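Structure provided below as structure tokens; questions to follow.
Everything quoted here is computed from the prediction, not taken from an experiment.
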Amino acid sequence: MNLAERKQLFRDTLAFNNKGCVPSLSNVWSYKIYDTGYTLKEALFDYDIMEKVVRKFHERYHFDTYFDLGTRNPMKISQAFGSFHHRIDEEADAIIIDDYSYMQADEYAEYTKDPQAFNWTKGLPRMNPDLTYGQLQATIGAMLEFFAFNGKMQTIMVQEYNTPVLYNAVQQVPLESIIMGIRGIRDLSLDMRRRKADVKALSDKMFENLLAGAKAIAAGPSEDRYVFDAESVILASTIMSRSQFDEFYAPYLKQLMDTVIDSGKLYYIFCENSLQNFWEFFQDFRKGSVLINLELDDIRDIRKKLPNVALGGGMPSMLLGNGTAEECVDYAKKLIDDMGDGFVFSTDKMLSYKNDARPETLKAVMDLVRKD
């Protein structure tokens, strides 16, 4: 299957016209490091090794597209910057990301007025009080190296393996950016109750650039190397009530999605945790425009609620890590049969830990699903 055929398979699937040919999407993250025989430290601090990891993993399993190409955890940037909110716990054999905030609750107005000035004068010093010019220079170098590696891996997948990259551009709702370091999970959850006007004002300010980006995507061409033109990860919803979602999240996400979809382009949603609290938000998007990757939800139940939206996920990581190859294949067969058209085969969880799967179970289900 060539690149154009593989991309068309996803387009047909979103339109519920895949005729039983089910595409696969790799929701495999740091597990692939273990799967190919390396440690976290070896792969995450050496891009040559990470390239080997991605190549070996693809050549063994042959997914049709990948959420991660070895770029999920840019540890070399954290190392250069000298601030370790994002680090490897070698004893636990896991990656740790701390909840932290570098803006105080009474600084919303200052940040909203000039985010860049705030980041340089207060944000960076709070992230690393001992930051030196040498560290800053090293951080910029590490970022450039990371961007080059990301571009290289995309080119390898497209040109050598005829495998399209999952998405072109990230379109995150403002609250997702606010929660990631600016205020953190705990502080933002308080702010949405105590400082609603401040949160809304900052969201509106940040959304100006986001909407401009969505309009640029809508006006530009759909590049052959990408399956989806835009992608949003839904995570901040995990700390929201339904009324908070309707106030702080839905209006922004709808504008982004409408802008991209109305131009005839495709949108990918990665929903971490559950969308049970707000599934109705997606019920009016037209068939053929959106794929939602599910994590905690019963994918068959969501299919009943959203019959016109393509869904991805459904294969339990618990079974891949603890079941037999035969049990996994039997489950995968039934899942594919139950879901029918409009379904992309993927795992329910992000495979991140050593025991999230086993090579023999993952290969067994991919041998079932793969098309070439």
All side chain to side chain contact (heavy atoms under 4.5 Å, CB included) counterparts of S101, not counting sequence neighbours: R183, D187
Cluster companions of I140 among Ile, Leu, Val, Met, Phe, Trp, Tyr (side-chain spacing under 4.5 Å): L144
Sidechain-backbone polar pair: N27 side chain, K349 backbone, donor-acceptor under 3.5 Å: yes
Short side-chain donor-acceptor distance under 3.5 Å, S237 and Y249: no
K32 charged N/C atom sitting above Y61 aromatic ring, 6.0 Å / 45°: no
Any M153 side-chain heavy atom under 4.5 Å of V54 side chain: yes
Closest heavy-atom pair and its distance - P174, S203: CG-O, 3.4 Å
Exam field: side chain Q154 to backbone G151, donor-acceptor pair closer than 3.5 Å: no
Closest heavy-atom pair and its distance - D297, S274: OD1-OG, 2.6 Å
Whether T65 side chain and L25 backbone form a donor-acceptor pair below 3.5 Å: no
Ionic contact status for E247 with K200, cut-off 4.0 Å: no
Side-chain touch R370/F63, heavy atoms, less than 4.5 angstrom: no
Flag for Y161-E59: side-chain donor and acceptor within less than 3.5 Å: yes
Atom of Y38, atom of E42 and distance for their closest heavy-atom approach: CA-OE1, 3.4 Å
R303 (side chain) donor-acceptor with L306 (main chain) under 3.5 angstrom: yes
Non-hydrogen side-chain atoms of I299 and L335 separated by less than 4.5 Å: yes
F118 and Y111 aromatic ring geometry - parallel, tilted or perpendicular at 30°/60° bounds: perpendicular
Approximate separation, where rounding is to 0.5 Å, of N277 CG and S241 OG: 7.5 Å
Distance, nearest 0.5 Å, that separates CD1 of I97 from CG of N73: 6.0 Å
Main-chain N/O of A214 paired to Q171 side chain as donor or acceptor, under 3.5 Å: yes
Any donor-acceptor N/O pair, D99 side chain to R186 backbone, under 3.5 Å: yes
Spatial distance of atom OG (S78) from atom NE2 (H86) [nearest 0.5 Å]: 6.0 Å
Separation between NZ of K305 and CG of D298, rounded to the nearest 0.5 Å: 9.0 Å
Sub-6.0 Å ring centroid separation between F270 and F67: yes
Charged N-O contact under 4.0 Å between K152 and E51: yes
Min side-chain heavy-atom separation L311-V344 under 4.5 Å: no
Salt bridge flag under 4.0 Å for residues D93 and K354: yes
Candidate pair D258 and K254, rule salt bridge (Lys or Arg N to Asp or Glu O under 4.0 Å), full reasoning: CA-CA 6 Å; D258 283 346; K254 189 171 191 318; 2.5 Å; yes
CD on E145 to CZ on F149, rounded to 0.5 Å: 9.5 Å
Pair E327 + K333: basic N to acidic O under 4.0 Å: no
Shortest non-hydrogen contact between A325 and T361, atoms and distance: N-CG2, 4.0 Å
Note, M206 side chain near P115 side chain (heavy atom, < 4.5 Å): no
Polar contact flag, side-chain donor to acceptor under 3.5 angstrom, D204-Y252: yes
Evaluation steps, side chain to side chain contact (heavy atoms under 4.5 Å, CB included), between L9 and E5: CA-CA 6 Å; L9 175 58; E5 290 170 335; over 6 Å; no
Atom NZ of K122: over 12 foreign heavy atoms under 6.0 Å: yes
Heavy atoms from other residues, nucleotides or ligands near CE of M180 exceed 12 (cutoff 6.0 Å): no
Check: N119/Y102 side-chain N/O donor and acceptor closer than 3.5 Å: yes
Short side-chain to backbone donor-acceptor contact, N273 and L235, under 3.5 Å: no
Check: Q172 side chain, V233 main-chain N or O, donor-acceptor pair, under 3.5 Å: yes
Full working for side chain to side chain contact (heavy atoms under 4.5 Å, CB included) between L266 and V260: CA-CA 7 Å; L266 304 183; V260 172; over 6 Å; no
Flag if over 12 foreign heavy atoms under 6.0 Å of CZ, R87: yes
Sub-6.0 Å ring centroid separation between Y66 and H58: yes
Check: F228 ring centroid to Y167 ring centroid under 6.0 Å: no
Close side-chain approach of L175 to L188, heavy-atom, < 4.5 Å: yes
Test item: D64 side-chain N/O and P23 main-chain N/O as donor-acceptor pair under 3.5 Å: no
Residue pair I234 / I269: nearest heavy atoms and the distance that separates them: CD1-CG2, 3.6 Å
L368 side, atom CG; Y331 side, atom OH - distance, nearest 0.5 Å: 14.0 Å
Residue pair E231, N168: steps toward the side-chain hydrogen bond (donor to acceptor under 3.5 Å, both in side chains) verdict: CA-CA 8 Å; E231 176 253 11; N168 184 358; over 6 Å; no
Side chain proximity check, M366 to S24, heavy atoms < 4.5 angstrom: yes
D356 side chain to S352 backbone, donor-acceptor under 3.5 Å: yes
Trace of the side chain to side chain contact (heavy atoms under 4.5 Å, CB included) decision for I179 with I185: CA-CA 6 Å; I179 203 173; I185 297 171; 3.9 Å; yes
Carboxylate-amine/guanidinium contact K334 D338, below 4.0 Å: yes
For a quick test of your reading: what N or O donor-acceptor pairs under 3.5 Å do the side chains of residues 279-292 make, sequence neighbours left out?
residue, atom, partner, partner atom, Å
E280, OE1, R242, NH1, 3.0
R286, NH2, I261, O, 2.8
S289, OG, R286, O, 2.6

Working for salt bridge (Lys or Arg N to Asp or Glu O under 4.0 Å), residues D106 and R195: CA-CA 9 Å; D106 60 357; R195 293 181 172 273; over 6 Å; no
Carboxylate-amine/guanidinium proximity below 4.0 Å for K196 and D191: no
Criterion side chain to side chain contact (heavy atoms under 4.5 Å, CB included) on I88 and F45, from CA distance to verdict: CA-CA 11 Å; I88 297 174; F45 287 96; 3.8 Å; yes
For N18 against F343, the heavy-atom pair lying closest together: ND2-O, 4.4 Å
